[in-house]
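In listed order, ligands and their atoms are each counted from 1. The figures here come from the full heavy-atom set of this structure, side chains too, leaving out hydrogens, waters and symmetry mates. Just so you know, these numbers come straight off a predicted model, no measurement behind them.
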Amino acid sequence: MKEIIIATKNRGKVKDFDTLFAPLNIKVTSLLDLPEEIEDIEETGTTFEENAAIKAEAICEKFRVPVIADDSGLVVDALNGAPGVYSARYAGEQKDDQANLQKVLKGLEDVAQEKRIARFVCVLAVAKPGEVTVFKRGECEGTIGKEPAGEFGFGYDPIFYPTGSKRTMAQMTPEEKNQISHRRKALDQLMNWVKEQ
Ligand SMILES: O=c1[nH]c(=O)c2ncn([C@@H]3O[C@H](COP(=O)(O)OP(=O)(O)OP(=O)(O)O)[C@@H](O)[C@H]3O)c2[nH]1
Ligand SMILES: [Mg+2]
């Protein structure tokens, strides 16, 4: 079985990638699976592309192998694009999914349903030793509900209704989510590269 290194410590993302790569018979190795502890990489960029590159290139330089990194987040129109690149830490450094989604709901308290427009964005960066880093972006449009619903997924999935769905992303099975997700769309564009690994 082939292996691909994803430079992430986010268990929710790892599960998504497991689901996405399973049909291809590819095993995902994350920073949580490596024998040595990998220090947190500071995400100092102001765009998804910058942060994805920082993570992919740091791990590629360390191990001298091809690496994918994922920088992603929720972009809410009525919050002027927040939480955006700050999605993981929107309610503080502790990266608390519940606190983060409650902060979004609070910010949208007085916003009518038709204006609760949002999208998930995922940028994948592929860094290879001695090569220029490549980026692929996927987006999933939707709206923000009034309260959380569903047990699957992670992050803001319980408050996100993909366009055309009566269920949140957290009410979908992992397979359903990953047929339409931002992560899926970004990865689809990388498939030729992935199959060569
Ligand atoms: O409901 C969600 N469904 C998703 O599919 C999704 N994808 C991203 N997000 C949010 O955006 C942050 C990424 O921030 P991020 O790219 O910096 O990742 P992270 O810091 O969590 O881990 P790492 O990959 O950097 O190690 C995450 O924590 C989540 O809050 C999602 N929320
Ligand atoms: Mg991060």
Exercise for the section: State, with a plain yes or no, whether a side-chain heavy atom of D70 is found less than 4.5 Å away from one of V123. Expected result: no
Practice task
Quick one: report the N, O or S atom of E43 that is nearest to the Mg ion (ligand 2).
Solution key: OE2
Exercise for the section: Run the salt-bridge test on K177 and D157 with the 4.0 Å N-O cut-off and return the result as yes or no. Expected result: yes
Exercise for the section: Indicate if the distance from the Mg ion (ligand 2) to the nearest N, O or S atom of D71 falls below 2.8 Å. Expected result: no
Completion exercise
Note: F154, heavy atoms under 4.0 Å from ligand 1, region reported as both
Handout entry: Sidechain N-carboxylate O distance under 4.0 Å for R119, D77
Key = yes
Exercise for the section: Would you check the N or O atoms of R89, main chain and side chain alike, for any that come under 3.5 Å of an N or O of ligand 1? Expected result: no
Exercise for the section: State, yes or no, whether a side-chain contact exists between F48 and R137 at a heavy-atom distance under 4.5 Å. Expected result: yes
Problem - Element-labelled atoms of ligand 1 that are located less than 4.0 Å from some non-hydrogen atom of D71 - result: 15 (P), 16 (O), 17 (O)
Practice task
Answer yes or no for G153: is there a heavy-atom contact with ligand 1 below 4.0 Å?
Solution key: no
Problem - Residue pair S30 / K9, side-chain heavy-atom distance below 4.5 Å - result: no
Exercise for the section: State, yes or no, whether a side-chain contact exists between N10 and F154 at a heavy-atom distance under 4.5 Å. Expected result: yes
Practice task
Mind checking whether E43 contacts ligand 1 via backbone (N, CA, C, O), side chain (CB onward), both or neither, at a 4.0 Å heavy-atom cut-off?
Solution key: side chain
Problem - Check: S72 and S87 side chains under 4.5 Å, non-hydrogen atoms - result: no
Exercise for the section: Would you mind reporting whether L105 and I159 have side-chain heavy atoms less than 4.5 Å apart? Expected result: yes
Fill in the blank from the handout: the protein heavy atom lying closest to atom 27 (C) of ligand 1 turns out to be N10 ND2, 3.9 Å
Exercise for the section: Kindly give the cluster partners of I68, where membership spreads through any ILVMFWY side chain lying under 4.5 Å from a current member. Expected result: I4, I6, F17, L20, F21, L24, I26, V28, L124, V126, L187, L190, M191, W193, V194
Exercise for the section: Using distance alone, with no hydrogens and no angle criterion, decide if D16 and T19 have a side-chain donor and acceptor under 3.5 Å apart. Expected result: no
Fill in the blank from the handout: atom 20 (O) of ligand 1 sits nearest the protein heavy atom K95 NZ, 2.9 Å
Problem - Enumerated ligand 1 atoms positioned under 4.0 Å from heavy atoms of K177 - result: 3 (N), 4 (C), 5 (O)
Handout entry: Sub-4.0 Å atoms of ligand 1 with respect to non-hydrogen atoms of F120
Key = 1 (O), 2 (C), 3 (N), 31 (C), 32 (N)
Problem - K62 with E36: basic N within carboxylate O range, under 4.0 Å - result: yes
Handout entry: Where ligand 1 meets D70 - atom numbers and elements under 4.0 angstrom, heavy-atom basis
Key = 16 (O), 24 (O)
Handout entry: Ligand-residue contact atoms, ligand 1 with H182, heavy atoms, under 4.0 Å
Key = 4 (C), 5 (O), 6 (C), 7 (N)
Exercise for the section: Classify the side-chain pair T29/E3 by whether it contains a donor and acceptor separated by less than 3.5 Å. Expected result: yes
Fill in the blank from the handout: The closest protein heavy-atom partner of atom 24 (O) of ligand 1 is T8 OG1, 2.6 Å
Handout entry: Closest protein heavy atom to atom 30 (O) of ligand 1, given as residue, atom name and distance to 0.1 Å
Key = Y156 CE1, 3.2 Å
Exercise for the section: Under 4.0 Å from a heavy atom of D157: give me the atoms of ligand 1 that qualify, with their elements. Expected result: 1 (O), 2 (C), 3 (N), 4 (C)
Exercise for the section: Could you say whether the N/O atoms of S72 and ligand 1 ever approach to under 3.5 Å? Expected result: yes
Practice task
Just jot down the ligand 1 atoms closer than 4.0 angstrom to any heavy atom of K55, in number order.
Solution key: 15 (P), 16 (O), 17 (O), 23 (P), 24 (O), 25 (O)
Practice task
Please write down residue, atom name and distance for the protein heavy atom closest to atom 26 (O) of ligand 1.
Solution key: K9 N, 2.9 Å
Practice task
Kindly identify the option in R183, K13, R11 whose heavy atom sits closest to atom 18 (O) of ligand 1.
Solution key: K13
Practice task
List every atom of ligand 1 that sits less than 4.0 Å from any heavy atom of S87, numbering the atoms from 1 in the order shown and giving each element.
Solution key: 10 (C), 11 (O), 12 (C), 30 (O)
Exercise for the section: Answer yes when E139 and K185 have at least one side-chain N-carboxylate O distance shorter than 4.0 Å, and no when they do not. Expected result: no
